[in-house]
2 protein chains.
Amino acid sequence: MNLKQLETFLWVAELQSFTRAAKHLYMSQPAVSFQIKSLEESLGATLFYRGDKKVELTEAGRLLYPEARQILRHFQKIKAGLDELKGLKRGHLCLGASTIPGEYLLPLLIGRFHRHYPGVEVTLRIAGSGQVIRWVREREIDLGITGAPVKEEGLECLPWYQDRLVLIVGVGHPWVDREAVSPDELLAQPLILREPGSGTRRSLEEKLAQVGRSLEEAQVVMELGSTRAVITAVQAGLGVSLVSALAAAEPLALGRVYQVNLKNMDLTRYLYLIHAPEWPGSFAAGAFWDFIKQEEWAGKQNKSNKKAPPTERPAP
Amino acid sequence: MNLKQLETFLWVAELQSFTRAAKHLYMSQPAVSFQIKSLEESLGATLFYRGDKKVELTEAGRLLYPEARQILRHFQKIKAGLDELKGLKRGHLCLGASTIPGEYLLPLLIGRFHRHYPGVEVTLRIAGSGQVIRWVREREIDLGITGAPVKEEGLECLPWYQDRLVLIVGVGHPWVDREAVSPDELLAQPLILREPGSGTRRSLEEKLAQVGRSLEEAQVVMELGSTRAVITAVQAGLGVSLVSALAAAEPLALGRVYQVNLKNMDLTRYLYLIHAPEWPGSFAAGAFWDFIKQEEWAGKQNKSNKKAPPTERPAP
DNA sequence: GCGAGGTGATCACCTTTGGTGAAAATCAGG
DNA sequence: CCTGATTTTCACCAAAGGTGATCACCTCGC
């Protein structure tokens, strides 16, 4: 008993003729005879009474008919369901991001994506970079976005959004009027940082390393678990910090903190897409991938495009 | 998209392993790989993520899984339904009979059959012989039972029950004390008959013809559409009649009519099974056929078994 | 570090299935 | 009696589907 047999059976029953069913199914009439015969043999029952000029269902055939219809309908349902999935009329996209992209970039992007594909449900999990990477490795999310690149077997990591760190100081800080300060001056100031391992902190460590300096020399007064907390601390005049331009934008616009340039340091940093290449993921994930590629320049508010982003994180 | 493919898919999903599924399905592991691959190609979607040491469903696979289960369940349902039909746990038997067998024999027989196969629904239609034969020809019933044989292309007719006609008279009739009467005497009496074409009447015509006489010579006072009506008329002393022993049994037992023997005439007549040999009919019909064959001697209350019943009706 | 054992993929090879056109049997209608 | 339409049967061929051998890869335990 298989599909083609059932389909043939249905059409013969419907059209009350082997020949017409054969024409409808684009096959020869002996093939139809053969299929029906096989079906009858496999079921151990005669399905049609072959009368003159028309065929009729027997008792067994009448029993089979509605069941066969339902089965074929079911197959169509599967096809339709998959088409919907592929056509992104429905589906599920599961994203994971660390706080900076997760709080400032992805909500907007997900909103635009959702307008394109209203049927696709999107979940965004926000956690630390380490957790996000673990999720990607464990296939719990389709795509991860973090501030720290990964170099790990089986995971692909590509730079996506060009962000930069900005040095911010509180309103009463002596640097408020300064055009720019030097790394030496920075390291002499009380410094507020995110916790070790966070993307922002790792970017800062990397930037200092590029000018031959290190956080070892800095006056770290606090390590806080969220960028917003860091900014609040800076606002309160507890120290200075370097945070993502994305997170600093609003406090800067409101005059709650001031931005000071840093001499001789390139503070651009990248946010990275992390995914498992051999994992097929959801159809929506593929579409989202294409979507953010296409939206790349719109979403990337970077000022300078001159430097090619590093694919890998430089060795420490 | 195929049955075997779906079944293979289900087992791979269930056992989370191609190898284990292959063992379970009694086929080689490459065959399983091939089936899954074909299914994936035909659906245009990856169904499994082949990880290390275990395979996992993808989004598309998760969509397919419950549908595939339902489809397979449906196939099992078909199998089960047909088995029930074949095992006579259910089904429908459609019989047609003329009044004599329909009112006196088949109810008992159907009762016994129903005790054997309680799940089988039985319909008995009662009508004149002509209508019964038409029903068989049109495949509206599985089996017909009438008092008149048929010789018709495509219909088979076999004698089944040995009945006989009895001559009955009312209580005040002068023949009440007679041992036997002659055909001549019969033809001189007011005679009550069934309508032309009825099995009983045709039997009588045939019996008369065998002794060189005919109804033309008779004094027909009434033609009534039912044997019960004929008996009532005889009870009322409106005339004499020949009716089936089956119908006469009760009025005779109650002394409402008297039976008189008829000299030189063999009044045995047969009831016939009529069916369309090439029509497969229902499974229950086959079982009923076997049932009445087996019950033949129990059901046949005939006294003498010496004469072989005629297969065909003699030419007039 | 390295073989043992287990996984799925791939390959060459073969059997079975399913399809074809030609021809035969059957039947209704002119 | 022939014609046209129908299903069945047949010889034949292509495709689907199965198998064992083998490969590449991974984990586990020594």
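For the numbers below, each heavy atom of this structure counts, side chains included, while hydrogens, waters and symmetry mates do not. Predicted, not measured: the structure shown is a model, and the values here were computed from it. Here is how names work: the chains are called A, B, and so on, in the same order as the sequence lines, proteins then strands, and each is numbered from 1.
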Can you pull out every salt bridge (Lys or Arg N to Asp or Glu O under 4.0 Å) where at least one residue sits in residues 6-18 of chain B? Sequence neighbours excluded, please. B:Glu14-B:Arg69
Under the salt bridge (charged side-chain N to carboxylate O under 4.0 Å, His left out) rule, collect the residues that match up with A:Arg62, sequence neighbours excluded. none
According to salt bridge (charged side-chain N to carboxylate O under 4.0 Å, His left out), who are the partners of B:Glu156, at least two apart in sequence or on a separate chain? none
With sequence neighbours excluded, tell me which residues meet ring-ring contact (aromatic ring centres under 6.0 Å, His included) with A:His92. none
Results of ring-ring contact (aromatic ring centres under 6.0 Å, His included) for B:His116 - residues two or more places apart only: B:Phe291
Phosphate OP1/OP2 of [N] contacted by [X] side-chain N/O (<4.0 Å):
| X | N | answer |
| --- | --- | --- |
| A:Asn2 | C:dT17 | no |
| A:Lys4 | C:dG19 | yes |
| A:Gln35 | C:dG19 | yes |

Residues in side chain to side chain donor-acceptor pair (under 3.5 Å) with A:Glu152, at least two apart? A:Arg137
Nearest-Å distance for atom pair OH/P, residues A:Tyr49 and D:dT8: 12 Å
Starting at CZ of A:Phe34 and ending at C1' of D:dC12, how long is that distance when rounded to a whole Å? 14 Å
Taking DNA chain C as the partner, which of residues 36-48 of chain A come within under 4.0 angstrom of it by heavy atom? none
Which parts of nucleotides 3-8 of chain C does protein reach within less than 4.0 Å, heavy atoms only, written one letter per nucleotide 5' to 3' as B for base, S for sugar-phosphate only and - for none? ---SSB
Output a table of donor-acceptor pairs, distance under 3.5 Å, between side-chain atoms of residues 30-47 of chain A and any protein atom two or more places apart or on a different chain; print 'none' if there are none.
unit_1, atom_1, unit_2, atom_2, d
A:Ser33, OG, A:Gln29, NE2, 2.9
A:Ser38, OG, A:Phe34, O, 2.6
A:Glu40, OE1, A:Arg50, NH1, 3.4
A:Glu40, OE1, A:Arg50, NH2, 3.4
A:Glu40, OE2, A:Leu47, N, 2.7
A:Glu40, OE2, A:Phe48, N, 3.3
A:Glu40, OE2, A:Arg50, NH1, 2.9
A:Ser42, OG, A:Leu39, O, 3.1

Non-hydrogen atoms of B:Ile78 and A:Ala68 that approach each other most closely: CD1-N, 4.4 Å
